Amino acid sequence: AFAIVRSSASTKGLGAPPPQQRLDEIFLRNERFFSMATGNPDLDLICLGNEPIPCVRANPGQLEFLLTSCLMACREIAGGPRPMTVTIDRLTIEENAPLSHSCLDSGDYAAIAIQCRTRVNEQRPQPTPYDEVLGSIEEAENICQGLGVVQQIATSMDGALVCDSSDLGCPALVVYLPTCSLIDDKNKKRENAASPTPHDETVLLVDDDPMVRRYTRRALEMAGFHVLEAGDSREALQTIRAESGRVDILIADLVLPDMHGGKLARAIQREFGSVPVIFVSGYDNRAIQHHGLIEQGASLLRKPYTRRSLLTMVEAALELGA
């Protein structure tokens, strides 16, 4: 069963076209925010097909609102925070489209599906601290109003919002947006800059915040790195010993439960030799060096960081260590 919402509003032909956006980058840049806004630490991104990731014309704020509203609506449908998946796929609509896509003109579309990974009729898990994020009737009404705005934005971009309830246990909200191609040299250069050459190096990522690890790991793996992760220094040492020291770079939070990142880095380098290190912290470099946590000149990545700043620093550290 499908519920299709689309109005007659459209902005086609009005003013300059909005910028081109890669859908996976929008998700990665905002994954931590999405988790905090929905009270859901378990979000996953799946990009289907072997073709390039779909690119659409939209303002970043519009796409962020679309994803946030749909994630929060799915959370309400599920009755609480459950594992959720954002799936990105491509779809070609022919002239004689089936009923489920009859609201769309023929052409190529990006399909963004937001869905719980567990059936809503399963026994609800034990309460978590995230359970109080939503729950009142007023908040549920706000979610419905938010989906109304999602419908208006999707329609203005010549797309549509569809509620696919064919699987009644896990209904999905699907946003369809027309895709675009990177056709001019300027945009091709921007795309190449945002998508570094794939790597095969191994990164040891150490952070006690699982949401930070999830965001960072996904960004590194999408750039081609093999990622090992640990939640504290003890686990990090066990992990690198299991790999016989075969780690190309260490990314460590300075504030860890059992040992600060600088001490961990020195312990690893004493046992396995020189390894490039990037420290991560919300404090500035001068304050950290004043307290002797890291040596002067050490690479420091300030929180919160973007995918691009992370990959730029990793590549620079690898070049220096080569």
Side-chain angles (χ1 to χ4, degrees), residues 25 28-37 41-43 129-130 196 199 201-322:
E25 292 184 351
L28 288 172
R29 284 202 302 267
N30 296 279
E31 183 177 7
R32 186 178 177 87
F33 167 75
F34 294 150
S35 294
M36 294 177 65
D42 194 355
L43 304 179
Y130 298 99
H199 296 269
E201 291 91 347
T202 297
V203 179
L204 175 58
L205 171 64
V206 189
D207 198 301
D208 60 332
D209 187 331
M211 289 169 59
V212 172
R213 289 204 310 273
R214 189 180 183 88
Y215 169 85
T216 307
R217 176 171 191 149
R218 197 188 310 278
L220 290 167
E221 287 180 338
M222 292 189 70
F225 291 99
H226 175 57
V227 181
L228 306 171
E229 62 177 272
D232 56 34
S233 299
R234 179 186 58 80
E235 187 180 354
L237 289 169
Q238 290 176 345
T239 300
I240 194 170
R241 286 166 183 158
E243 296 290 320
S244 301
R246 291 189 292 270
V247 169
D248 297 290
I249 185 169
L250 169 67
I251 300 177
D253 191 2
L254 270 178
V255 181
L256 294 169
D258 54 350
M259 180 191 300
H260 68 73
K263 190 174 180 180
L264 169 64
R266 289 191 287 272
I268 289 176
Q269 290 175 337
R270 279 197 305 269
E271 187 169 347
F272 299 103
S274 178
V275 177
V277 181
I278 295 175
F279 296 107
V280 180
S281 176
Y283 299 99
D284 63 38
N285 206 326
R286 287 178 297 177
I288 292 169
Q289 290 174 357
H290 175 73
H291 289 88
L293 297 180
I294 61 174
E295 300 175 357
Q296 187 162 354
S299 298
L300 178 66
L301 183 61
R302 293 283 304 279
K303 292 182 179 180
Y305 48 84
T306 64
R307 173 175 175 261
R308 180 173 296 183
S309 62
L310 168 69
L311 296 179
T312 298
M313 185 164 286
V314 168
E315 292 199 18
L318 287 171
E319 288 181 5
L320 287 175

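What you see is a predicted model, and the numbers here were worked out from it, not measured in a lab. Positions are given from 1 along the sequence.
- Closest of all the heavy-atom pairs between P257 and G231 is CD-O, 4.0 Å.
- Minimum interatomic distance between H226 and L228 (heavy atoms only, all atoms of both residues): NE2-CD2, 3.6 Å.
- Residues L301 and I251 fail the side-chain proximity criterion, which asks for heavy atoms closer than 4.5 Å.
- Considering CD of Q238 and CZ of R234, their distance stands at 5.0 Å, rounded to 0.5 Å.
- Side chain of S281 to backbone of L254: no donor-acceptor contact under 3.5 angstrom is found.
- When side chains are defined from C-beta on, L204 does not count as touching E243, because their heavy atoms never get closer than 4.5 Å.
- The residue from I278, T216, L250, V280 that alone fulfils the side chain to side chain contact (heavy atoms under 4.5 Å, CB included) condition with L205 is T216.
- Between the CD atom in E235 and the CD atom in E229 there is a gap of 8.0 Å [rounded to 0.5 Å].
- Contact between A265 and F279 at its shortest, heavy atoms only, is CB-CZ, 3.8 Å.
- Between the CD atom in E201 and the CD atom in E315 there is a gap of 8.5 Å [rounded to 0.5 Å].
- Heavy atoms only, all atoms of each residue included: V275 and Q269 are closest at O-NE2, 2.9 Å.
- The two residues A317 and I249 have their closest heavy-atom pair at CB-CD1, 3.7 Å.
- The shortest distance between side-chain heavy atoms of R246 and T202 does not fall below 4.5 Å.
- A donor-acceptor pair under 3.5 Å links the side-chain atoms of D258 to the main chain of S233, judged by distance alone.
- The distance from the CG atom of D209 to the CG atom of D253 is 8.5 Å, given to the nearest 0.5 Å.
- Screening V277, D232, V206 for a side chain to side chain contact (heavy atoms under 4.5 Å, CB included) involving L264 leaves a single residue, V206.
- What you find for A219 and L310 is that their closest heavy atoms are CB-CD2, 4.0 Å.
- One distance of note links CZ of R214 with CD of E31; it measures 6.0 Å at 0.5 Å rounding.
- Legend: residues meeting side chain to side chain contact (heavy atoms under 4.5 Å, CB included) with E221, ordered by chain and number and at least two apart, are R217, V227.
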Worksheet item: Could you walk me through whether L318 and F225 pass the side chain to side chain contact (heavy atoms under 4.5 Å, CB included) check?
Response: CA-CA 12 Å; L318 287 171; F225 291 99; 3.7 Å; yes

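- One distance of note links CG of L311 with CE of M313; it measures 11.5 Å at 0.5 Å rounding.
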